[in-house]
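Bear in mind that the values here come from a model prediction, so they are computed numbers and not experimental data.
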Protein chains: 2
Amino acid sequence: MGDLPAVGEGKRGEDGHLGYLLRQAAHAHRQRVEQRLGDLGLTLPQFSVLTMLAAYPGHSSADLARLALVTPQTMSVIVANLLKAGLIVRTPHRVHGRIQSIALTDAGEATLGDAKQRVYALEAEMLRDLAPEAQAAIRQWLTRITQPEAA
Amino acid sequence: MGDLPAVGEGKRGEDGHLGYLLRQAAHAHRQRVEQRLGDLGLTLPQFSVLTMLAAYPGHSSADLARLALVTPQTMSVIVANLLKAGLIVRTPHRVHGRIQSIALTDAGEATLGDAKQRVYALEAEMLRDLAPEAQAAIRQWLTRITQPEAA
DNA sequence: TGCCGTTTATCAGAGCTCTGATATGTTATT
DNA sequence: AATAACATATCAGAGCTCTGATAAACGGCA
């Protein structure tokens, strides 16, 4: 029944299917991030949401969902867990009675500051020894296939 | 409180963080695949497992977990759902009393054949109009950051 | 032979993600 | 003013993914 190939060999390497490579790369990165964020009790999606809130404060869960390209239900779960951890607070919107504006707490700011250093160091590692043209090609491609029209 | 950027603009585009771009690209691809596989009732992880079993038949759930870079528990869930759908079967290993060898059923083969055409067409779309050097750079990078040493 | 470490499989609990459905509040149309 | 359309939030159910713990079967070594 044949032996199994090692990571990076044959179909598990550069000859593999792009979807497979893409999934594994994203997965490996997430694992590395959450390993380094373990003692902060922060997941990668949670880190993303905190980062978004720091850049665009006062927005709603629905806004964040659009920003992260996830459904409102998904964002609702992440927001609930951040609330439970005391890293964000929700206040009723002044004008719109249904909207809940979200902002970072002091604890949220502090945790985000800690986490950013670690995550950004990891990102620099990913690009180490990469030619500028290669970096540009990768960024362009990732951006392109994220667009709905790339279908 | 400022407006939100559109997909592909500012931090949501080529200037964004790599981890963010990587996550969104993998996510967008998965969504597109599962949309096209919807009538087969197949998810992307399930498709991956069927493909692996076609290439390396007779292996165990633990083998598949190593192949897909996921934990045995995760693979156990996927295998259970494929069993429930009748796309795979498990038989006790001849020599080793604990191992369960897994193989595709006829239904599994047929479903995989259907799915492959759609998924591969999607992959070709992702690479359309891409220079060979850019393709190579992307494949190399994805392979590299999947390796544990890329940390 | 008997114990120890490894491998396989599985149970429990948690977070992220989806689709589908429902309730409520806002805005536009008639 | 009443209705329709839209946005926000939430509940329910499902699949994927993890960590941690447990049990069973195999292999090697004292």
* Structure fact -> The contact string for nucleotides 10-17 of chain D, one letter per nucleotide 5' to 3', using protein heavy atoms under 4.0 Å with B, S and - for base, sugar-phosphate only and none, comes out as BB---SSB
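The closest side-chain donor-acceptor pair between A/Asp114 and A/Thr111, if any, does not fall under 3.5 angstrom.
The nearest pair of heavy atoms linking A/Leu142 to B/Ala25 is CD2-CB, 3.7 Å. When all heavy atoms of A/Tyr20 and B/Leu67 are compared, the closest pair comes out as OH-O, 2.9 Å.
Atoms CZ (A/Arg66) and P (D/dA7) sit 8 Å apart, rounded to a whole Å. Rounded to an integer number of Å, the gap from A/Gln35 CD to D/dC18 C1' is 13 Å. Taking atom NE2 on B/His59 and atom P on C/dT7, their separation rounds to 16 Å, with Å as the unit. Whole-Å rounding puts the A/Ile99 CD1 to D/dA9 C1' distance at 11 Å.
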Distance-only donor-acceptor pairs under 3.5 Å for side chains of residues 68-75 of chain A, two or more places apart:
{"unit_1": "A/Thr71", "atom_1": "OG1", "unit_2": "A/Thr74", "atom_2": "N", "d": "3.3"}
{"unit_1": "A/Thr71", "atom_1": "OG1", "unit_2": "A/Thr74", "atom_2": "OG1", "d": "2.9"}

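Ring geometry, B/His17 versus A/Tyr120: the interplanar angle falls under 30°, so the pair is classed parallel (tilted spans 30 to 60°).
Using a 4.0 Å cut-off between charged side-chain N and carboxylate O, A/Asp39 and A/Arg118 make a salt bridge.
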